[in-house]
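Have a look at the structure below, then the notes.
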Amino acid sequence: MKIEIAHLPHDIIEVIYPSEVTPKDVTEYVEQLKKDITARGGKEWSALVDQSRLRVMPSTVVGEMARLNAYAQQRGMVRSARVVVDPGSGLQAWRMTKNAGLTIPAKTFESRAEALAWLEAPDAD
């Protein structure tokens, strides 16, 4: 199954990971997301990344995702919410965020609804 990308209201790009990812999935995802980001023309947007099905991201992918997050921040990403289901995947998401050098607000959540509510109300922090 491929990594899904959806465009939601409130300038949110949602990414949904399957339970497993292949190198081909990652390559196709990175290419498509970069095209989507470029098409935004620098306009600000937020990311909702649902990793609830993907328990652990393969170590070979973590570095590439960190680079993609840094790229995204440089091109308009202003907030990032990740949905994870256990402490291990939450820790991995935190490490990836740190490795990306993100300076934008980034949080992990246990449900999509909580993550989406946080992204839709940025002044609620």
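Keep in mind that the numbers below use all heavy atoms, side chains included, and drop hydrogens, waters and symmetry copies. These numbers were taken from a predicted model, which means no experiment stands behind them.
- Taking all atoms of both residues into account, the shortest heavy-atom contact from S46 to L119 is CB-CD2, 3.7 Å.
- Residues L54 and S19 approach most closely at CD1-O, 3.3 Å, considering heavy atoms.
- You'll find the side chain of L68 reaches within 4.5 Å of the side chain of L33, heavy atoms only.
- Considering OG1 of T108 and CD of Q51, their distance stands at 10.0 Å, rounded to 0.5 Å.
- Put simply, the side chain of I16 does not reach to within 4.5 Å of the side chain of I3, judged on heavy atoms.
- A115 approaches V83 most closely through the heavy-atom pair CB-CG2, 3.8 Å.
- Two residues are said to be in side-chain contact when any heavy atoms from C-beta on lie closer than 4.5 Å; V26 and E64 meet this criterion.
- One N or O on the side chain of Q73 and one on the backbone of I104 form a donor-acceptor pair closer than 3.5 Å.
- You'll find the side chain of H7 reaches within 4.5 Å of the side chain of I13, heavy atoms only.
- Side-chain atoms of N69 and M77, non-hydrogen and from C-beta on, do get closer than 4.5 Å to each other.
- In terms of the salt bridge (Lys or Arg N to Asp or Glu O under 4.0 Å) criterion, residue partners of E28 (sequence neighbours excluded) are, by chain and number, K2, K24.
- Among residues two or more places apart in sequence or in another chain, the salt bridge (Lys or Arg N to Asp or Glu O under 4.0 Å) test is passed with R75 by none.
- Distance check, rounded to the nearest 0.5 Å: CG of L116 to CD of E120 gives 4.0 Å.
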Quiz item: Between L48 and R112, is a side-chain contact (heavy atoms from CB on, under 4.5 Å) present by the stated rule, with each step listed?
Solution: CA-CA 8 Å; L48 172 58; R112 180 185 182 277; 4.2 Å; yes
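- Note on V85: it does not cluster hydrophobically with F109, by side-chain heavy-atom contacts below 4.5 Å among ILVMFWY residues.
- Counting only heavy atoms from C-beta outward, the side chains of V78 and W45 never approach each other to under 4.5 Å.
- D50 places none of its side-chain heavy atoms less than 4.5 Å from the side chain of E4.
- Between the R79 side chain and the W118 main chain, a donor and an acceptor come within less than 3.5 Å of each other.
- Residues R53 and E20 are not paired through a salt bridge, judged by the lack of any N-O separation under 4.0 Å between the basic side chain and the carboxylate.
- Side-chain contact between E110 and V84: absent, with no pair of heavy atoms (C-beta onward) separated by less than 4.5 Å.
- Qualifying salt bridge (Lys or Arg N to Asp or Glu O under 4.0 Å) partners for R40, counting only residues two or more places apart in sequence or in other chains: D11.
- Counted by atom type alone, D36 and Q32 present one or more donor-acceptor pairs between their side chains at under 3.5 Å.
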